[in-house]
Amino acid sequence: MRGQREQARHAAVDSRHRELAEGAEAGADYLDGRLPFLDAAKGLVRKVFPDHWSFLLGELALYSFILLLLTGVYLTFFFRPSMGELVYQGSYLPLHGVRMTEAYASTLRISFDVRGGLLIRQMHHWAALVFVASIGAHLLRIFFTGAYRRPREVNYLIGLTLFQLALVEGFAGYSLPDDLLSGTGLRTAHGFMLAVPLVGTYLAFFAFGGEWPGQDIVPRLYTTHVLLLPGLLLALVTVHLILVFYLKHTQWGGPGRSGRNVVGKPAFPHFAVQTGALLALVFGVVAVLAAVGQVNPIWNYGPYRPDQASTDAQPDWYMGFLEGALRLMPGTETRLWGHTVSWNPLLPTIVFPIVLFIALYAYPFVEQWITGDRSEHHLCDRPRNRPTRTAVGVAGFTGYAVLLMAGGQDVLAYWFDVSVNDLNWALRIGLFVAPAAAFWLTRWLCLALQARDRQRFDSGVPTGFVRQSAAGGFEQDHDQLTVRQKFTLAMDRAPEPMAAADDSRRERLRAALSGWYYRDRAR
């Protein structure tokens, strides 16, 4: 009897499974008859993704962006973007009876009165930091491996634009609570606008709605933060992903890998499980950070007042390089045609970022012109095999690190008990010396690594064992590389420096730059 009941139960389960399968098939047929459902799904399922950790940086940025959208929607239900004033009577007793804006009061309410509000608010802040950091790391990977070359120039430009929008989005969100720290940052931004010759005053009046502090800056930042910039980010992320699918991924070189294929894991089920785990990991790690790592405790800063400034005021790290440039620039002014031009903050905060991002936008095309290489590239360069490009990137990153240190030079001077003026001069000198030293050292290391690769290719890897020959001499044992390892080392071909096509000044300049770019190599 028990066996019969088991058979009947299994038969019923099989029947339900068949019914579900038939229903799913019917639903798929229904969608496929009206939408290109199965064809699109077939292409997506067969999509191959390279299996290397460096390619996960873009996904890390995408998933932190999704988390930002989810937590941001929750916060919009409770935040009030108004600069109207009230007397605080909430649950945070140390600020009872203090006049503050509705924006600051609503942020306190989210932190202390809304169930889970502080956790969601800190998750939002941590996710923003991860978002900007992962985009920056992803762009560095793109730069050092040469993944910005044809046919991916447009996607590189989109990624760089996403990075800039993320910086502005982070600053806008950081400024919304109207606490003393963010208010000090807004006061600094107001000074940046005023420094623009001729139109600076009009820009500041338009942004802030009148004389400082105005009444419109928080509502306008709120609209920008929750509507304009997220819409642009979402649109550009979508275009970016479409181009990645269309142009296919770059990949590291190796046996069986070429510019005509992609070796890796299929989208389903391997990549889907892997990327789903990364999504869960991002959400979980950010939640843990929000639970145990306090970030931006606005109740300690107090509400913003125009007659006060926050002690040790520092922006978030991604805006620290502008703060550092501002602090290192000497305070000089010039009278031109009846107008005063304040070179600080005009040069470090307006001219410098414009020049920097123009150079970053132009770099792929400048390199293409120098090298004359207009072919398609689907394999990543090993950074050591492009010593000049790698050295340029490291030098730029070193300059950024110096500026970031300068953004907190007052805190550094306090902790190390040194003079702020002496530290300023050391950082000013370091801003020019450190990148040059980093460039020279990086190129030397790349050439040394190339020489080491060539030695490994020819002689193998030393085992550490030394044996004595019959003649009494000593020699070290070597393990020869595998065919796969030798193939990977030998497949890279360094381009030759270009010769001038004619005797024009333009061609001679191009040949000189090409020679400088490719002259140093160990193999």
Side-chain angles (χ1 to χ4, degrees), residues 40-41 44-45 47 49-50 53-79 110 114 116-142 155 158-174 176 222-246 249 265 267-291 293 295-296 316-318:
L44 181 62
V45 168
K47 177 71 175 176
F49 293 85
W53 66 265
S54 63
F55 296 99
L56 300 180
L57 295 170
E59 296 172 40
L60 186 61
L62 175 63
Y63 297 147
S64 56
F65 179 60
I66 293 174
L67 184 57
L68 277 172
L69 293 178
L70 295 176
T71 54
V73 168
Y74 181 86
L75 294 174
T76 57
F77 295 145
F78 307 101
F79 182 73
I110 291 172
V114 174
L118 181 58
L119 178 67
I120 298 298
R121 178 173 162 263
Q122 297 208 143
M123 285 181 65
H124 191 72
H125 198 116
W126 278 113
L129 298 178
V130 173
F131 180 55
V132 178
S134 53
I135 292 180
H138 183 58
L139 282 172
L140 287 175
R141 199 275 299 178
I142 295 294
N155 226 11
I158 291 175
L160 193 56
T161 305
L162 283 170
F163 182 64
Q164 292 181 76
L165 291 176
L167 295 180
V168 179
E169 175 78 335
F171 175 76
Y174 165 86
L176 285 179
Y222 180 76
T223 303
T224 302
H225 183 70
V226 305
L227 181 61
L228 178 61
L229 291 178
L232 291 174
L233 285 168
L234 190 59
L236 289 177
V237 165
T238 303
V239 175
H240 186 74
L241 293 178
I242 290 173
L243 288 177
V244 167
F245 270 76
Y246 176 74
H249 285 77
K265 296 179 179 178
F268 185 85
H270 301 83
F271 178 75
V273 173
Q274 176 180 292
T275 196
L278 180 62
L279 173 65
L281 184 65
V282 170
F283 280 34
V285 169
V286 171
V288 171
L289 284 173
V295 61
N296 199 22
D316 277 335
W317 64 268
Y318 48 84

**OP:** Take Ile120 and Phe78 through the side chain to side chain contact (heavy atoms under 4.5 Å, CB included) test and state the conclusion after the steps.
**Re:** CA-CA 12 Å; Ile120 298 298; Phe78 307 101; over 6 Å; no
Original post:
Does the side chain to side chain contact (heavy atoms under 4.5 Å, CB included) test come out yes or no for Phe171 and Asp316, once each step is laid out?
Top reply: CA-CA 8 Å; Phe171 175 76; Asp316 277 335; over 6 Å; no
Subject >> Full working for side chain to side chain contact (heavy atoms under 4.5 Å, CB included) between Val226 and Phe79 >> reply: CA-CA 11 Å; Val226 305; Phe79 182 73; over 6 Å; no
**OP:** Assess whether side chain to side chain contact (heavy atoms under 4.5 Å, CB included) is satisfied between Leu67 and Phe131, documenting all intermediate values.
**Re:** CA-CA 9 Å; Leu67 184 57; Phe131 180 55; over 6 Å; no
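The distance from the CG atom of Leu228 to the OG1 atom of Thr223 is 9.0 Å, given to the nearest 0.5 Å. From Tyr222, atom OH reaches atom OG1 of Thr76 across 5.0 Å, with rounding to the nearest 0.5 Å. Going from atom CD of Gln122 over to atom CD1 of Ile110 covers 12.5 Å, rounded to the nearest 0.5 Å. Separating the CG atom in Leu233 from the OG1 atom in Thr161 is a distance of 10.5 Å, to the nearest 0.5 Å. A distance of 12.0 Å separates CG of Leu165 from CG of Leu234, quoted to the nearest 0.5 Å. Interatomic distance, CG of Leu278 versus CD of Gln274, reported as 8.0 Å (0.5 Å rounding).
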Please tabulate, for the side chains in residues 239-246, all donor-acceptor contacts under 3.5 angstrom to protein atoms that are two or more places apart in sequence or on a different chain.
residue	atom	partner	partner atom	Å
His240	ND1	Asn155	OD1	2.9

Run the side-chain donor-acceptor check on residues 53-63: report pairs under 3.5 Å with partners two or more places apart or on a different chain.
residue	atom	partner	partner atom	Å
Ser54	OG	His52	ND1	2.8
Glu59	OE1	Thr275	OG1	2.9
Tyr63	OH	Thr275	OG1	2.1

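Counting heavy atoms from C-beta outward, Met123 and Leu119 have side chains that approach closer than 4.5 Å. For the pair Phe283 and Ile66, the minimum side-chain heavy-atom distance is below 4.5 Å.
Annotation for His225 and Pro230: closest pair O-CG, 2.9 Å, computed over non-hydrogen atoms. The minimum heavy-atom distance linking Asn296 with Arg121 is given by the pair O-NH2, 2.9 Å. Nearest heavy atom pair, residue Gly159 against residue Ile135, reads O-CG2, 4.4 Å. Ser64 and Ala127 make their closest contact through CB-O, 3.9 Å (heavy atoms, listed as atom of the first residue, atom of the second, distance). Considering every non-hydrogen atom in both Leu289 and Trp126, the closest pair reads O-NE1, 3.4 Å.
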